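What follows is one structure encoded as structure tokens, with my remarks underneath.
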Amino acid sequence: MFGSVKDFEPIVAQLVKEGQKEPYDWDKYAVAFFPKAEELKAAAEQAEQEGNQEKASELYLRSSAVYRISRFPAPRSEKQRYAWEQGKIVSAKGLALRERPTRELKIPHKHGLPSEGQELQFYYHLPPGMSKEKPVPLLMIFTGLDGYRTELAVWIEGWSRLNVAVVVLEIPGTGDSPADPKDPKSPDRQYSTLLDWVDEQPEIDPARKAVWGFSTGGYYAIRM
């Protein structure tokens, strides 16, 4: 989503050199991506130290794209879970440094059960110039089975330019969703927590809210 073809050329060469093919050793597969992801992260940190926020943002997000493919379509091994955690770090940094910054929020899962995750995590973007006196519409983006918030954040910029606020979060059973994937009622609790929080935000126009679901996220969008 935020990636560059040139970042993946040495990775593909390494995978070919090692003879990696199905059935993959997912830890070994993921590790082949880490040198490039770490190189991009280091370059981003250097650019940030030099005060070049635009370049730093680009490099952080390119690093997140490399980490994304290393754990695609979903984390199945220790190294792939590590890639997910590292990808979130660089993605959040890159989005925060953009001209139109996006924040990563964690709120209490007020409707969750003790057996579920206790926090709901998501990206929250507000377009410039909004205020409680001039509330803006909100678009809630629900991700799919393999595209998480670190990737689907690519859509935030376009909506921001239309003066629309954006939330991006994972569906139950994926990413950082706190919902119990074995409990058919857990999605309702997750989205009740989200909607209660949205209703408390004075900068959001309560009459103008919409949901955009990607892939399996479309099922949850219709359900909500």
Side-chain angles (χ1 to χ4, degrees), residues 1 26 30 60-61 63-64 67-68 70-97 101-126 132 138-156 165-204 206 209-224:
M1 295 292 187
W26 292 113
Y60 277 129
L61 292 172
S63 177
S64 77
Y67 277 123
R68 186 247 178 159
S70 74
R71 54 89 180 159
F72 185 85
R76 288 152 291 188
S77 70
E78 180 181 353
K79 295 297 184 183
Q80 287 192 313
R81 286 187 286 273
Y82 170 83
W84 166 233
E85 295 300 326
Q86 292 300 306
K88 287 189 293 181
I89 292 171
V90 289
S91 177
K93 288 184 176 181
L95 293 170
L97 290 172
T102 292
R103 294 181 291 159
E104 184 170 50
L105 299 185
K106 297 180 181 181
I107 64 172
H109 186 14
K110 61 184 288 188
H111 292 286
L113 300 180
S115 59
E116 295 181 297
Q118 300 304 298
E119 293 180 326
L120 183 62
Q121 301 183 43
F122 53 90
Y123 288 153
Y124 185 45
H125 175 84
L126 290 170
K132 62 182 180 181
L138 173 69
L139 177 68
M140 293 168 278
I141 296 178
F142 291 177
T143 65
L145 291 177
D146 54 31
Y148 297 170
R149 67 182 187 274
T150 49
E151 297 85 67
L152 295 188
V154 73
W155 296 102
I156 291 173
V166 182
V167 161
V168 188
L169 78 164
E170 284 94 32
I171 59 174
T174 71
D176 286 324
S177 168
D180 181 351
K182 298 179 181 179
D183 184 344
K185 294 183 179 180
S186 66
D188 301 327
R189 293 192 292 271
Q190 170 171 311
Y191 297 126
S192 292
T193 290
L194 175 66
L195 291 175
D196 281 358
W197 178 86
V198 168
D199 287 343
E200 296 170 355
Q201 308 312 305
E203 65 271 18
I204 299 301
K209 295 179 287 188
V211 181
W212 186 12
F214 281 75
S215 188
T216 309
Y219 161 77
Y220 289 102
I222 294 170
R223 176 171 174 167
M224 194 172 82

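The model shown is predicted, which means the values in this text are computed figures rather than measured ones.
- The main-chain N or O of A74 is found under 3.5 Å from a side-chain atom of R76 such that the two form a donor-acceptor pair.
- M140 contributes atom CE, which lies 5.0 Å from atom CG of L138 (distance to the nearest 0.5 angstrom).
- Not counting sequence neighbours, the partners of P178 by the side-chain contact (heavy atoms from CB on, under 4.5 Å) test are H109, L120, Q190.
- Taking each heavy atom of P101 and H125 in turn, the nearest pair found is O-ND1, 2.9 Å.
- The OG atom of S70 sits 11.5 Å away from atom CH2 of W84, with the distance rounded to the nearest 0.5 Å.
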>> If you apply the rule side chain to side chain contact (heavy atoms under 4.5 Å, CB included), what do you find for K93 with L61, and how did you get there?
In response: CA-CA 8 Å; K93 288 184 176 181; L61 292 172; over 6 Å; no
>> For a salt bridge (Lys or Arg N to Asp or Glu O under 4.0 Å) check, start with the C-alpha distance between E203 and K132, then their side-chain angles and the critical distance, and finish with the verdict.
In response: CA-CA 4 Å; E203 65 271 18; K132 62 182 180 181; over 6 Å; no
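- In this structure, F142 has its ring center no closer than 6.0 Å to that of Y219.
- In this structure S63 satisfies the side-chain contact (heavy atoms from CB on, under 4.5 Å) test together with A37, L40, K41, Y67, V90, sequence neighbours excluded.
- Taking the ring centre of Y82 as origin, the terminal cationic atom of R71 falls outside the region bounded by 6.0 Å and 45° from the ring axis.
- Counting only distance, with no hydrogens or angles, the side chain of Q86 and the backbone of A83 share no donor-acceptor pair below 3.5 Å.
- When all heavy atoms are compared, the tightest approach of A165 to I204 is CB-CD1, 3.7 Å.
- The OH atom of Y123 lies 10.5 Å from the CG atom of L152; values are rounded to the nearest 0.5 Å.
- Residues V211 and A221 come closest through the heavy atom pair CG1-CB, 3.5 Å.
- Residues that satisfy the salt bridge (charged side-chain N to carboxylate O under 4.0 Å, His left out) test with K106, not counting sequence neighbours, are absent from this structure.
- Atoms CG and CG, from L105 and L169 in turn, are 11.5 Å apart once rounded to the nearest 0.5 Å.
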>> I141 vs L139, test: side chain to side chain contact (heavy atoms under 4.5 Å, CB included). Steps then yes/no.
In response: CA-CA 6 Å; I141 296 178; L139 177 68; 4.0 Å; yes
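- The side-chain contact (heavy atoms from CB on, under 4.5 Å) check on L113 picks up S115, E116, D183, R189, with sequence neighbours excluded.
- Here the side chain of Q118 pairs no donor or acceptor atom with the backbone of P108 at under 3.5 angstrom.
- Aromatic pair W197/Y124: ring centres closer than 6.0 Å.
- For residues 214-224, the pairs satisfying salt bridge (Lys or Arg N to Asp or Glu O under 4.0 Å) are D188-R223, with sequence neighbours left out.
- Looking at E170, its side chain does come within 3.5 Å of a backbone N or O of R149 through a donor-acceptor pair.
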>> Run K185 and D180 through side chain to side chain contact (heavy atoms under 4.5 Å, CB included) and show every step you take.
In response: CA-CA 9 Å; K185 294 183 179 180; D180 181 351; over 6 Å; no
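- Residue F72 holds its CZ atom at 8.5 Å from CD of E151, rounded to the nearest 0.5 Å.
- Here the closest non-hydrogen pair linking D196 and K110 is OD2-NZ, 3.5 Å.
- At distances below 3.5 Å, not a single donor-acceptor pair connects side-chain atoms of S91 with backbone N or O atoms of K88.
- Shown here for A179 and P172, the closest heavy-atom pair between the two residues is CB-CB, 3.8 Å.
- Scored by the side-chain contact (heavy atoms from CB on, under 4.5 Å) test, T216 finds L145, I171, Y220 as partners (sequence neighbours excluded).
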>> Using side chain to side chain contact (heavy atoms under 4.5 Å, CB included), reason through L97 and L95 one step at a time and then give a plain yes or no.
In response: CA-CA 5 Å; L97 290 172; L95 293 170; over 6 Å; no
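- T143 and Y148 make their closest contact through CG2-C, 3.7 Å (heavy atoms, listed as atom of the first residue, atom of the second, distance).
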